[in-house]
Amino acid sequence: MTRQALYLKWRPHTFDDVIGQEHITRTLRNSMDSGRIRHAYLFSGPRGTGKTTTARLLAHALGCNNLDLIEIDAASHTGVDDVRDLRDKIAFMPTEGQYKTYIIDEVHRFSGSAFDALLKTLEEPPEHAIFVLATTEIDKVPDTIKSRCLMFEFRRVAMTEVADRLQSIAESEGINVDRDALELIARQGTGSVRDSISLLDQIVADPEEHITLAITERILGTAKSETVLGLAEAVLKADTVNGLHIINRAVDSGSDPKQFGQQVVEHLRGVLLAQTSSADLIEASDEMRQIYTEQAAMVNKSTLLRAVRAFSEAVADQRGGWHPQLALELALVESTHERAGQSSDVPFAGGPTVDIASIEEHIERIVETRLALAGSVPAVAAAPVTQADAPPATVDSSSPAAIPLSEIQSRWGETIRAVKVKSVILGALLEHVNIVGINGNVITLGVQNDVFVERLSSADHRSLLNYVLNTLHKTPLQYRVIVGTEDTAVGEGVDVDNPLIAEARKLGADIHPHHDKRDQ
């Protein structure tokens, strides 16, 4: 027999059952009691926070039965004809009761003409028609529509409230689950009650099983709490080598890299809050608040901000692929590199001596091992790189392309495979490159941040990639690297190691190589 999903079974039946949205349910309940009913409401907020459920509860409070409650999914009814059809049917009176309620979900998916047609209806609605519009993207709803509606903003529900709700459901269902497991589920649900209940349902394979934190971590693919704590300490102490080991052990043991990165960002955010304000702002146990406070004293604010940004970008950059933890490894190196210094064997306060070269070698050994185990090392003869280091590439926009851009793009995978024969780490970096264009014999490569610029601009990497490009295309080619997909960022010819230039770039300055105006 098919079992009903928990999120459906435990959907709220009254306003009192809706958690985390008391500012809305209280107002709606009072309006029912006073008889002050608006003809149009607009509910906005993240998914799974109760928008559609509250709209149904409002309809039932108005006395609308199933025939007088019409739900429309704007995602599949986006055109003006759909709205016109709706407008034609609005004239029909309710079968019983005083009102007929129309719930339009994901209303932001309407086309412009559909919004225009809806606006006419909202301006002159029949007395019996009540509209409830729901959206997760309020910025896409025209101001003309907003101005005709009473707006309510649904918020993400606090972790403790979600965990309490999950515990109530578990007790009612006879599920034996530890509180810390419920709190992890609530955190993973990111403030969505529906998503959190669905995650609980996913974990409960056997109602008789005792669900622990370890079981929950394994099923959800999250890293253990001590692993997240260990990596955070490695970041704060600039212990890059140990941090790389932690990342790879976590991924090897089954942790999802993206979720692991999210956990690290959440932890570093807690440290940042403890440092800038108070640990009391953090939804966590007293023990964890103490840890946040202790770690906040280990590092200065600029270093902590850099780490939060680096790992946030790594989470956003997770695309899977053959080496899914690379983004986390680069975030770790970026977070600790500046304190370690540009040269090898540089000590820093609060951490061990770091050899930057050994870090790169460590990453390369890890990647080579993975490729060997997967049997994916390209069977290409590794020719020695004999081409001299190319000078910094400058672009003459008037120069015709030495070869078609489409040829470079179509053979980029072949380029990466050939590079990996000599340098797996350079091949990994090239996986994150966009080919922006070509002017003359200079290819412009777009990357996401300055770490990629520095790594791809090193003499060894430049020599190897130029050699491979020249060999594959049988044309003398060079390349330059910019941040983004347009020629507005730092290009080649800039001394990225110069401390003055590095500081200027941090402040947002646009740094380009010097060109004599007489040459333009």
Side-chain angles (χ1 to χ4, degrees), residues 46 156-160 162 180 183-192 195-196 199 213 216-217 220-240 242-251 253-279 281-285 288-289 291-296 298-320 324-339 432 448-452:
R156 294 190 184 277
V157 183
M159 184 273 290
T160 52
V162 177
D180 52 3
E183 291 179 354
L184 174 60
I185 294 171
R187 282 194 295 272
Q188 291 299 113
T190 62
S192 168
D195 289 355
S196 299
L199 287 175
L213 177 62
T216 306
E217 288 173 336
L220 295 182
T222 57
K224 295 181 179 180
S225 300
E226 55 265 29
T227 302
V228 177
L229 182 60
L231 181 57
E233 288 188 353
V235 171
L236 300 178
K237 293 179 179 178
D239 188 354
T240 317
N242 185 41
L244 290 171
H245 281 293
I246 292 173
I247 290 172
N248 283 275
R249 281 199 303 268
V251 174
S253 63
S255 297
D256 177 78
K258 183 169 185 176
Q259 292 205 12
F260 184 25
Q262 290 171 336
Q263 290 175 271
V264 174
V265 172
E266 181 182 356
H267 185 94
L268 293 175
R269 172 183 173 271
V271 177
L272 181 62
L273 287 175
Q275 185 183 80
T276 57
S277 180
S278 169
L281 294 175
I282 309 165
E283 289 185 290
S285 64
M288 279 305 303
R289 288 194 182 101
I291 291 174
Y292 288 134
T293 302
E294 291 173 357
Q295 290 187 340
M298 296 168 54
V299 67
N300 60 52
K301 186 180 295 185
S302 62
T303 297
L304 186 54
L305 287 171
R306 184 170 62 251
V308 172
R309 290 194 186 101
F311 279 93
S312 296
E313 291 175 3
V315 171
D317 185 43
Q318 284 290 348
R319 306 181 221 173
Q325 68 264 47
L326 177 63
L328 295 180
E329 292 169 337
L330 291 174
L332 174 67
V333 174
E334 182 179 359
S335 300
T336 58
H337 186 63
E338 185 172 309
R339 283 173 287 166
H432 296 264
Q448 293 184 343
N449 56 49
D450 290 339
V451 174
F452 285 93

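The figures that follow rest on heavy atoms only: side chains count, while hydrogens, waters and symmetry mates do not.
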Item to complete: Side-chain contact test, heavy atoms from C-beta onward, threshold under 4.5 Å: evaluate it for Leu213 versus Ser225 and give yes or no.
Response: yes
Worksheet item: Residues two or more places apart in sequence or in another chain: which of them pass salt bridge (charged side-chain N to carboxylate O under 4.0 Å, His left out) with Glu233?
Response: none
Worksheet item: Is the closest side-chain heavy-atom distance between Arg269 and Val308 below 4.5 Å?
Response: no
Worksheet item: Where is the tightest heavy-atom contact between Phe311 and Leu268, given as atom of each residue plus distance?
Response: CD1-CD1, 4.1 Å
Worksheet item: Where the side chain of Arg156 meets the backbone of Thr190, is there a donor-acceptor pair that is under 3.5 Å apart?
Response: yes
Fill in: Closest approach of Ala314 to Ala327 (non-hydrogen atoms, all atoms of both residues)
CB-O, 3.4 Å
Item to complete: Decide yes or no for Leu304 and Leu236: does some side-chain heavy atom of the first lie under 4.5 Å from some side-chain heavy atom of the second?
Response: yes
Worksheet item: Under 4.5 Å between any side-chain heavy atoms of His267 and Met288, yes or no?
Response: yes
Discussion item. Under a 3.5 Å cutoff, is there a donor and acceptor pairing between the side chains of Gln259 and Gln188?
Written reply: yes
Worksheet entry | Ser255 side-chain N/O to Ala250 backbone N/O, donor-acceptor pair under 3.5 Å | yes
Item to complete: Answer whether the closest heavy-atom distance between the side chains of Tyr292 and Leu272 falls below 4.5 Å.
Response: no
Fill in: Heavy-atom side-chain contact between His432 and Leu326 under 4.5 Å
yes
Fill in: Separation between CG of Leu330 and CD of Glu313, rounded to the nearest 0.5 Å
11.0 Å
Worksheet item: Between the side chain of Gln275 and the main-chain N/O of Val299, is any donor-acceptor distance below 3.5 Å?
Response: yes
Worksheet item: Would you say Leu231 and Gln263 make side-chain contact, with heavy atoms under 4.5 Å?
Response: no
Fill in: Least distance between heavy atoms, Ala234 atom then Thr336 atom
O-CG2, 4.4 Å
